[in-house]
Amino acid sequence: MTDRYAVIGNPVGHSKSPRIHALFAKQTGQDISYEAIQAPADGFAETIRAFIASKGGPGRGVNVTVPFKEDAFRLATQRSARAEAAGAVNTLSFDAGAIVGDNTDGAGLVRDLKNNLGCDPAGRRILLLGAGGAARGVILPLLLEGPAELVIANRTEEKAARLALEFARLPACAVGVKPDGAGFAGIAGRTFDLVINATSSGLSDSEMPLPGSVFAPRCVAYEMVYGRDTPFMKQARASGARVADGLGMLVEQAAEAFFVWRDVRPHTAPVLAALKQA
Ligand code: ATR
C-alpha cells in the first residue's frame with residue numbers, strides 16, 4: 001500500500017507542500033501520497049491519531065505548519081537535537097508506535113544559503129532579526145556553520161537577550177562563537193555580511209526600525225517570508241544588498257523532511273524553478 005504523508009495546519013489551503021512533495025516523489029520514483037489536512041485549532045493530536053490509524057494506507061509522516069509546531073513538539077515521543085533546540089517540530093515520523101519529532105527549517109535555510117545562493121554562513125558576520133519561533137528554529141543550525149559572529153536583534157530587546165543567553169549555554173555551542181542579543185538601537189553603526197529577517201513584519205507589510213548601516217557591501221539580505229516584496233527587502237535592496245526571499249528555504253526544508261522520511265535526497269533546483277515559474 002502507498003505510504004501516506006500530509007501537511008497539517010490551520011489554515012492550510014494555501015500550502016505549497018503537496019505540490020513540492022509530489023514533484024519530489026515523481027523525481028525520485030517514491031510511491032507516496034501527500035495531502036493537506038486542516039486540523040481544528042484545539043484538535044491537533046486527534047487529527048494526527050486519526051491520520052496514523054486511517055484505513056486509506058499507512059500514515060508515515062506529516063509536516064506541521066502554523067499554528068501547530070509547538071503542539072507537534074509536545075506530541076512527539078522522541079525528538080531530534082535540532083527539534084529540541086528549536087522548541088518546535090515541523091516534521092513528524094510515525095514508526096512502530098513512536099512519534100518522532102524533527103525540525104528541518106534551519107537546515108532548509110542553511111542549504112538554501114549555501115547551495116542556491118552561494119552564501120556560506122561560515123566566517124560571516126550574521127544579523128538575525130526577530131526572537132520568535134521562526135528565529136529560534138534557525139539559531140543552532142546557523143551557529144554550527146561557524147559564523148564569525150551571530151547577533152540576534154529584536155524590537156523587544158529582552159527577548160533577544162534571553163534567546164542569545166539560552167543558546168550560548170547549549171552544550172552544542174560549547175565551541176565556536178556565542179550569539180549576542182540586542183535591540184535595534186544597539187546595532188546602529190554595526191555592519192553584517194548576512195542579514196536574515198525572521199520577524200513576522202513582512203506578513204503585515206510593516207516597517208522595521210532597522211539602521212541602514214547594517215548592510216555591508218555585497219551583503220546578502222534574506223527574508224524568510226516568500227511571495228511578496230516586503231519592506232525589509234525594499235530597504236535592503238535600496239542599501240545595495242543582494243536580496244532573497246524564503247521560497248528556497250521552503251523547498252529545502254521540504255527536501256530535508258523528504259530525506260528524513262524516505263532516506264532519499266531529492267534535487268531541489270528543478271522544483272524551485274517550477275515554483276518560481278508558477
Ligand atoms: P514567529 O513564529 O513567526 O517567529 P512570533 O513568535 O509571534 O512569530 O514572533 C514574531 C517576531 O516578529 C517577534 O520577534 C516580533 O518582535 P517582538 O518580540 O518585539 O514582538 C517580530 N515583529 C513582528 N512585527 C514586527 C515589526 N513591525 N517590527 C519589528 N519586529 C516585528
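Counting starts at 1 for both ligands and their atoms, following the listed order. Positions are given from 1 along the sequence.
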Backbone or side-chain N or O of [X] under 3.5 Å from ligand 1 N or O:
X	answer
Ala135	no
Thr199	no
Gly133	yes
Ala134	yes

(Q) For the backbone of Arg60 and the side chain of Asp3, can you confirm whether one donor and one acceptor N or O come within less than 3.5 Å of each other? (A) no
**Q.** Polar side-chain atom of Glu223 near backbone of Phe232 as donor-acceptor pair, under 3.5 Å
**A.** no
**Q.** Contact check, Glu207 vs ligand 1, heavy-atom distance below 4.0 Å
**A.** yes
Measure the distance from [atom] to every protein heavy atom, then report the residue, atom name and distance (to 0.1 Å) of the closest one.
atom	answer
atom 18 (O) of ligand 1	Lys159 NZ, 2.6 Å
atom 16 (O) of ligand 1	Asn154 OD1, 3.3 Å
atom 5 (P) of ligand 1	Gly132 CA, 4.0 Å
atom 19 (O) of ligand 1	Thr156 OG1, 2.5 Å
atom 27 (N) of ligand 1	Ser206 OG, 2.9 Å
atom 10 (C) of ligand 1	Ser200 OG, 3.5 Å

Do other residues, nucleotides or ligands put more than 12 heavy atoms under 6.0 Å from [X] [atom1]?
X	atom1	result
Asn115	CG	yes
Lys26	NZ	no
Lys178	NZ	yes

Q: Kindly indicate whether atom 22 (N) of ligand 1 is approached by any protein heavy atom to under 4.0 angstrom.
A: yes
Q: For ligand 1, note which part of Arg155 has a heavy atom under 4.0 Å away: side chain, backbone, both or neither.
A: both
Any side-chain donor near an acceptor of the partner, [X] and [Y], under 3.5 Å:
X	Y	value
Tyr34	Asn63	yes
Thr104	Asn90	yes
Asp102	Ser80	yes
Ser93	Asp95	no
Asp112	Tyr222	yes

(Q) At less than 4.0 angstrom from any non-hydrogen atom of Gly130, what atoms of ligand 1 do you find? (A) 14 (O)
**Q.** Proximal ligand 1 atoms for Met208, defined as those under 4.0 Å from one of its heavy atoms
**A.** 28 (N), 29 (C)
